[in-house]
Number of protein chains: 4
Amino acid sequence: MKSYIAEKIDAFKNVNKNRARLLINCADQPGIVSAVSKFLHEHDANIIESNQYTTDPHGGEFFMRIEFEVEELKANVEKLEADFEEVKRSFSMEATFKYVDEVKKMAIFVSKEPHCLLELLWEWQSGDLMADISLVISNHETSRAFVEPLGIPYYYIPANKDIRNQVEEEQIRLLQEHEIDVIVLARYMQILTPNFVETFKNKIINIHHSFLPAFIGAKPYERAYHRGVKLIGATSHYVTNDLDEGPIIEQDISRVDHRDNAAAMKKIGQSVERSVLARAIKWHLDDRIIVYGNKTIVF
Amino acid sequence: MKSYIAEKIDAFKNVNKNRARLLINCADQPGIVSAVSKFLHEHDANIIESNQYTTDPHGGEFFMRIEFEVEELKANVEKLEADFEEVKRSFSMEATFKYVDEVKKMAIFVSKEPHCLLELLWEWQSGDLMADISLVISNHETSRAFVEPLGIPYYYIPANKDIRNQVEEEQIRLLQEHEIDVIVLARYMQILTPNFVETFKNKIINIHHSFLPAFIGAKPYERAYHRGVKLIGATSHYVTNDLDEGPIIEQDISRVDHRDNAAAMKKIGQSVERSVLARAIKWHLDDRIIVYGNKTIVF
Amino acid sequence: MKSYIAEKIDAFKNVNKNRARLLINCADQPGIVSAVSKFLHEHDANIIESNQYTTDPHGGEFFMRIEFEVEELKANVEKLEADFEEVKRSFSMEATFKYVDEVKKMAIFVSKEPHCLLELLWEWQSGDLMADISLVISNHETSRAFVEPLGIPYYYIPANKDIRNQVEEEQIRLLQEHEIDVIVLARYMQILTPNFVETFKNKIINIHHSFLPAFIGAKPYERAYHRGVKLIGATSHYVTNDLDEGPIIEQDISRVDHRDNAAAMKKIGQSVERSVLARAIKWHLDDRIIVYGNKTIVF
Amino acid sequence: MKSYIAEKIDAFKNVNKNRARLLINCADQPGIVSAVSKFLHEHDANIIESNQYTTDPHGGEFFMRIEFEVEELKANVEKLEADFEEVKRSFSMEATFKYVDEVKKMAIFVSKEPHCLLELLWEWQSGDLMADISLVISNHETSRAFVEPLGIPYYYIPANKDIRNQVEEEQIRLLQEHEIDVIVLARYMQILTPNFVETFKNKIINIHHSFLPAFIGAKPYERAYHRGVKLIGATSHYVTNDLDEGPIIEQDISRVDHRDNAAAMKKIGQSVERSVLARAIKWHLDDRIIVYGNKTIVF
């Protein structure tokens, strides 16, 4: 199986070897687009897709994402980045170049319920989730059987709040060893310490099983059932130190009615959770998300 | 215009003169459906639609709604209701007969924003909201121009928290004078007293401009914007004395993104509000809703 | 993996050992519901869910599905079915009893694209698709690696129109050997002969990658792209001898826009296909579907 | 009522007096964005929103829409347009400047069913449809009572296929007299001649009551009912001489089930029709649509 995926990843890398993305934000001011597009034009870049947004056309913050191709990109990367320094400086920009063939290394954390993990493995096997899933970490053995046949190492690390620090130490060691770029909490039911969150800032994506800010915290489906809501939802967000308060990436809902008890809502909700999480991760992998304050711009 | 609607209402009454609905709830127990359907069969009722629901098949609460036709219904109503007393008694039922040609008398309350009122007037003109809109009450003059040309009386009753009691006294007098069956708060931004709510229990339908229980209270769109949500919603519910906590009838959402500021969210949300409110009211008018505890069963 | 599923199936069978479903259709006439509910009451059945529908309340066709429980069902099955013969006869009914613990045996046919197959395997592993997936048949080797690790036999049977009859002979032999109840065409790109279709009437479920009746036949995504549609869809239906004309079970759509070329539409569509097919199959497994003429009633 | 709307339109014009839109298409080639953004920068334009799209990054067609503000726009319009001629020439562009305060003059055509007309009037009264509705033309008297109280002239022009030419002559005279920019067929059930269509090319927007290309032509709801579809739809498109084959602007659907007969589908569909048509018209009024071949780009 691994080799099947490996082949897909190789093909993807090859197709995209000349493709890059430029992500920008700075204070809105005259001439940004003009300067950036002039720069790209002068460097023979072929623009594939371009998106921009200003929080307020009169004195707001400016954001831009440009996907482009340059012949022999690899040979020109250093000059490209060096030349752009001048543009950056003149607009006091934050700017990052991302290279599409640098496929991101992903770690998945999961507890007992495997539906979100399974969805990600599914999308990955289908070639729709272009990441190198380097390892799965779980505080349960439940999902080992889904993971190992795909050639992905599965680390069982029991966890509870009394041993949180030593558990995280081991996790961080593994994540750094594998040079992980993005951590997905695919229904991982342990709280992370501020130290862990800080170590992987804007790199941890969680799925919460409610339409935030409704039903923050535990047992959202039970609470949704008791409130008698007619829709249930799921929310994917970057993890910060405020529980379920991080920047929201994606949300979706499904209709329920009086016949659905808490267990039925949970089943229906799992289907929403998995599609919401998968969309959020794909956008992250495609460098489509810019975090700004406690919000996301998703281009 | 009034005569155009009046004609539609008359046609509706005539078509439905032999049609009734029976709404039942009681403790679940063997033989209910058998007894009720035997009763209807023996009274020559033709069942048009039938729905039932049990909160728990092992010892829950049972709910049923049957729509049926009986030849010469008007001549047989008294006997029908009298004969059903025995069934009611033997199962300790709550049961109500509703007659479809008894078109409900509706009052609409509105403050400044007319979009929900306009939707209801629209649906009414289209013949899709089968009610007798007897009056509109507002604490602003804004909507008079939409209402009076349709032949509906418009009562301007200025309101604020200091004069709440005398305002409600006048409102209740008007509502009782017009024998109002259902009160719609179509974005009426005044809080009602417990006395008012008690007087019209399960007869007041509100639209709240958020996906409850998220953003209870004031300025939900502003708060949704600041939280960075990706969906906004609206909720229609029966009014109880706990603000925005009454039994939910219907909810829906619309997608927003980073480009939508609070004003844009409000515009998008208004479209959700009006369709959610219109659906909730139609179900109420069709006697499809049973309130049970703080929830609704919508058949 | 097989044992993990086997455990889930066993648990399901045990929980549902006393549960049955009664599916009825006949000409609408007075007294049906009364007779059926009297019958169930007299046989100590506890009704879990009941749905009925009449094509026309004045002289149409009547349909009913009742899910119920009877203590010691297994010991009472024969008497139950025998006693019901009288009810059947007096209303000239078609009626079938289904027993929930008789988990259906399923065969999945697939060609090159594995996304629908993978979805079904996913749902199955999650315990959400309560079937015994007895075998997978394919005219390609592509999906073997997904199937065999789960303990499901994979039969590679090359096919083309010249050898259709002998291919189907082998397929039918395998299907009968495994006593298959339902055949899922999970993007199987071969046409079936009238003989095959007749052999498994109303037991073959297909997924077509368009919103039927739009784009009947080959290459729907390409044609949707060229027409410039703003929504693409998928349709699951029972297979008849008219290509893509069988009774529709479920449809759904996804939004596309001018940026989506045919390849992008295909990717987006695959996600719709898999959820539409999965829903259709679940309803079939739950005995929720009655085929009437060229339509389905889905209770 | 007219004055209420007039006030809203005046306020809108005033707020937008310095706002323009530039719509571009040409063969994709290096340097377009750079040249256009340099031009705007040099003319002190503040970019409010910018969208671009290439049918194929390797040799396709390029499209762009930029909304911007320029101080004292009115005094600078001539110079702006004249200066842009050079950019246009060097890229062989089609380019159009649109000025937001030039509110479009709209004519609405309607036959018997008023629901789409009513929706547009509703949106207009709410200030959400920024157009000058100059007249309504109908081959029936039905909708006069909705239109005239709003201060909009209503022209009753009986029509049938035998008098088509003279009917259209009168219509065209009225449309030209009122200098109409956009014609909305809000369920106008007469076929237009090639001459009429040519006279108002890409200016006539129709609503078709099906999910095109399914159910082209007459009685789509009846045919949808007989096919047993589970979703019904509506399509808004520019009118060309091929019936229901013009460039699609927007589509949407609503779920139906076996309980919905053709009449019920029609009711449900009307709600889809009105929202689809309203969205399409708003995009047209906002100059968001570029027609390319038989497709639309909607920015």
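Chain identifiers are assigned alphabetically (A, B, ...) following the order of the sequence lines, protein sequences preceding nucleic acid strands; residue numbering begins at 1 within each chain.
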How about D/Q52 and A/N51: do any of their side-chain heavy atoms sit closer than 4.5 Å? no
CD of D/E85: more than 12 outside heavy atoms within 6.0 angstrom? yes
Under 4.5 Å heavy-atom distance to chain A, tell me which part of D/E49 shows up: side chain, backbone, both or neither. neither
Do D/H58 and A/N46 come close enough that some side-chain heavy atom pair is under 4.5 Å? yes
Do other residues, nucleotides or ligands put more than 12 heavy atoms under 6.0 Å from A/K295 NZ? yes
Which pair of non-hydrogen atoms, one from A/K38 and one from D/S34, has the smallest distance, and what is that distance? CA-OG, 3.3 Å
Separation between CD1 (D/I48) and OG1 (A/T54), nearest 0.5 Å, reads 8.0 Å
For atom CZ of A/R259, decide whether the heavy atoms of other residues, nucleotides or ligands shown that lie under 6.0 angstrom number more than 12. no
Is the count of non-hydrogen atoms from other residues, nucleotides or ligands lying under 6.0 Å from A/E94 atom CD greater than 12? no
